[in-house]
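Report on the structure given below.
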Amino acid sequence: MANAAWRLARRSCPSYLQVLHMNRTAMRASQKDFENAMNQVKLLKKDPGNEVKLKLYALYKQATEGPCNMPKPGVFDLINKAKWDAWNTLGSLPKETARQNYVDLASSLSSSLESSSQVEPGTDRKSTGYETLMVTSEDGITKITLNRPAKKNAINVEMYHEIMRALKAASKDDSSITVLTGNGDYYSSGNDLTNFTDIPPGGVEEKAKNSAILLREFVGCFIDFPKPLIAMVNGPAVGISVTILGLFDAVYASDRATFHTPFSHLGQSPEGCSSYTFLKIMGPAKATEMLVFGKKLTAGEACAQGLVTEVFPDSTFQKEVWTRLKAFAKLPPNAMRISKEVIRNREKEKLHAVNAEECSVLQERWLSDECMNAVVNFLSRKSKL
Ligand SMILES: CCCCCC/C=C/C(=O)SCCNC(=O)CCNC(=O)[C@H](O)C(C)(C)COP(=O)(O)OP(=O)(O)OC[C@H]1O[C@@H](n2cnc3c(N)ncnc32)[C@H](O)[C@@H]1OP(=O)(O)O
C-alpha cells in the first residue's frame with residue numbers, strides 16, 4: 001500500500017497533462033532553428049574559446065552526419081585529434097538531440113558573450129563561474145547541466161561543490177522549478193573514481209572521513225531542496241546519479257537511459273538515501289536486485305518499478321519534456337513549493353538520519369580492500385562496469 005502511494009505521488013497527475021496538451025509548440029529545434037543558431041555563432045563578437053568551439057564542432061558534425069565516422073588521427077596531429085575526440089565523445093547521441101544541444105549552446109553563448117544590454121533581465125540568464133556545470137535560468141526554469149561529457153559527467157569533488165552551490169542559488173532565485181540533466185551521451189557515470197586518488201597528509205582515513213562529510217552535505221542539499229526538482233535523464237546513469245533520483249519530485253528519462261548501482265562490484269554500499277527510498281519506491285525484492293546485486297535497469301524497467309516517472313523516445317525526449325516543464329513552470333510557484341513541503345516534511349528527519357548512517361557505513365567501506373581493489377582496477381584500465 002505504502003509502495004503504491006509512493007509510486008503514485010511520483011507520477012505526473014492528469015490535470016498537468018491537460019495543461020500540456022495546450023502547449024505543444026515549444027522546444028523543437030527545427031532545421032531553421034539550427035541554421036539560425038549557426039548564424040548566431042558566426043556573428044559572435046567574442047571568441048568563446050577552444051573548448052566551446054570544439055563542442056560546437058562536435059554537435060554540428062553529430063547533427064549533420066551522425067556518430068563519428070572519421071578515422072582516428074595520429075597522436076601528433078593535435079588539432080584533428082582534439083576534433084575527433086570531441087565528436088567521438090558524443091557516441092551514439094541522436095542527430096535531433098545534437099541539433100537541439102547545438103541550438104541551446106549557441107543561444108546560451110549569444111546571451112552570455114554579447115553585450116549584457118541585449119539580455120532582458122529575468123528572461124534568459126546563464127550563470128558563469130562554474131567549471132563543471134552549465135546553469136541557465138529561463139521561462140521560470142533553472143536548468144543545471146552536468147558538463148564533463150568527455151568523462152561521462154563523472155562527479156569530481158569540484159562538481160559536488162558546484163552542484164550544491166547551484167542548488168542553493170536555484171532555491172533562492174525567481175524560478176519555479178529546477179531541472180538536472182547531463183551534457184553528451186551520458187547523464188552521469190557517478191562518482192569520479194579519481195576522487196579516491198588525492199590522498200591528504202592524514203592518509204586514507206582522513207580521505208574517507210572528508211569524503212563522508214562531503215557526501216552527507218551533498219545528499220542533504222537534495223533532501224532539503226524546497227522547489228520541485230526534476231531529473232531529465234538523457235542517457236546512462238550510474239551510482240550516486242541514480243540513487244539520488246529517489247529524492248527528486250519527477251524523473252523523465254530518454255529510452256537510451258539505463259540505471260545502474262553496482263555498489264557490491266565496487267566494494268561499496270548504497271548512498272543517496274536509496275537504502276530507504278528505493279525500498280519504498282520499488283519494494284525490497286527489486287531494490288535488493290539493484291542495490292545489492294547491481295542489476296542494471298533499462299528506462300522502461302525503471303519506470304515500471306516507479307523510479308522513473310515517464311520514458312520518452314530519445315528522438316522526441318527534449319521536445320516533449322521541455323513542453324511539459326514549461327507548463328509546470330507556469331503553475332503558481334508558492335502552491336508547488338508548499339505542496340512539496342507537505343509531502344517532504346513528513347520524511348525529512350528520517351531521510352537525514354538515513355543519509356548520516358549510509359555515509360558512516362561508506363566511510364568504513366572506502367577503507368576496505370574490496371573497494372580499494374575495485375578503484376585500482378578501474379584506474380589501471382583493468383575493469384569497467
Ligand atoms: C566524495 C565521494 C563521494 C562518493 C559517493 C559514492 C558514489 C558512488 C558511485 O557513484 S559508484 C559508481 C562509480 N562509477 C563507476 O564505477 C563508473 C566507472 N566507469 C565505467 O565503468 C565506464 O567508464 C563507463 C561504463 C561509465 C563508460 O564506458 P565507455 O563508454 O567505454 O567510456 P570510457 O570508459 O572510455 O570513459 C570515457 C572517459 O571517462 C572516464 N570516466 C568514466 N566514468 C568515470 C568515473 N566514474 N570516474 C572517473 N573517470 C570516469 C574514463 O576514465 C574515460 O576517461 P579517459 O578518456 O580514459 O581519460
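Since the model is a prediction, treat every value here as computed from it, not as a measurement. Whatever order the structure lists them in is the order used to number ligands and atoms, beginning at 1.
Contacts of A150 with ligand 1, taken as heavy-atom pairs under 4.0 Å, involve the backbone alone. For L193, heavy-atom contacts with ligand 1 shorter than 4.0 Å involve the backbone as well as the side chain. Of the heavy atoms in F218, none comes closer than 4.0 Å to ligand 1. Looking at F196 against ligand 1, nothing comes within 4.0 Å, counting heavy atoms. Counting heavy atoms closer than 4.0 Å to ligand 1, residue L266 contributes side-chain atoms (C-beta onward) but none from N, CA, C or O.
Atom NZ of K286 has 12 or fewer neighbouring heavy atoms from other residues, nucleotides or ligands inside a 6.0 Å radius. No more than 12 heavy atoms of other residues, nucleotides or ligands shown are found within 6.0 angstrom of NZ on K209. Summarising the local packing, CD of Q31 is surrounded by more than 12 heavy atoms from other residues, nucleotides or ligands at distances under 6.0 Å.
Annotation: atom 43 (N) of ligand 1 to nearest protein heavy atom, S189 OG, 2.9 Å. The nearest protein atom to atom 45 (C) of ligand 1, hydrogens excluded, is given as A154 CB, 3.6 Å; this is a heavy-atom distance. Closest to atom 17 (C) of ligand 1 among all protein heavy atoms lies L385 CD1, 3.4 Å. Scanning all protein heavy atoms for the shortest distance to atom 57 (O) of ligand 1 gives R381 NH2, 2.8 Å. Of the protein's non-hydrogen atoms, F378 CZ, 4.2 Å is the one closest to atom 51 (C) of ligand 1. From the protein, the heavy atom lying nearest to atom 6 (C) of ligand 1 is E271 OE2, 3.5 Å. The shortest contact between atom 31 (O) of ligand 1 and any protein heavy atom is with K384 NZ, 2.8 Å. Of the protein's heavy atoms, Y186 OH, 3.5 Å lies nearest to atom 25 (C) of ligand 1.
At least one N/O-N/O distance between N191 and ligand 1 falls below 3.5 Å. For ligand 1, the polar-atom distance check finds an N/O of K151 within less than 3.5 Å of one of the ligand's N/O atoms. Ligand 1 has a nitrogen or oxygen under 3.5 angstrom from a nitrogen or oxygen of I240.
Remark: K152 engages D185 in a salt bridge, criterion side-chain N to carboxylate O under 4.0 Å. Contact check on E96 versus K319 returns no salt bridge, with no Lys/Arg side-chain nitrogen under 4.0 Å from an Asp/Glu carboxylate oxygen. Under a 4.0 Å N-O distance rule, the pair K296/E301 does not qualify as a salt bridge.
Put simply, the residue from E347, K350, E358, E357 that forms a side-chain hydrogen bond (donor to acceptor under 3.5 Å, both in side chains) with Y276 is E347.
Less than 4.0 angstrom separates some heavy atom of L214 from each of these atoms of ligand 1: 1 (C). Near W366, meaning under 4.0 Å from any of its heavy atoms, are these atoms of ligand 1: 4 (C). For ligand 1, the atoms lying closer than 4.0 Å to a non-hydrogen atom of G190 are 10 (O).
If you check each of K152, R148, H265, E358 against atom 36 (O) of ligand 1, the one with the closest non-hydrogen atom is K152.
Between the CD1 atom of I199 and the CD atom of E206 there is a distance of 10.0 Å, given to the nearest 0.5 Å.
Put simply, part of Y160 is less than 4.0 Å from ligand 1, judged by heavy atoms. Within the 4.0 Å heavy-atom cutoff, D192 counts among the residues contacting ligand 1. A heavy-atom separation below 4.0 Å is not found between A212 and ligand 1.
Remark: the backbone N or O of P270 is not paired with any side-chain donor or acceptor of S275 at under 3.5 angstrom.
For F248 and F222, the ring centers are positioned less than 6.0 Å apart.
Contact annotation for atom 53 (C) of ligand 1: protein absent (non-hydrogen atoms, distance under 4.0 Å).
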Full working for side chain to side chain donor-acceptor pair (under 3.5 Å) between T194 and D192 = CA-CA 5 Å; T194 66; D192 188 316; 2.6 Å; yes
message = Go through it in stages, so that I can follow the logic: the residues are K340 and D249, the test is salt bridge (charged side-chain N to carboxylate O under 4.0 Å, His left out), and I'd like the CA-CA distance, side-chain angles, deciding distance and then a yes or no.
response = CA-CA 8 Å; K340 169 159 181 173; D249 303 296; 2.8 Å; yes
From CA spacing to verdict: side-chain contact (heavy atoms from CB on, under 4.5 Å), F328, I141 = CA-CA 9 Å; F328 290 169; I141 305 171; over 6 Å; no
query = Can you list the steps and then say if N156 with M159 is a side-chain contact (heavy atoms from CB on, under 4.5 Å)?
reply = CA-CA 5 Å; N156 60 8; M159 195 189 273; 3.3 Å; yes
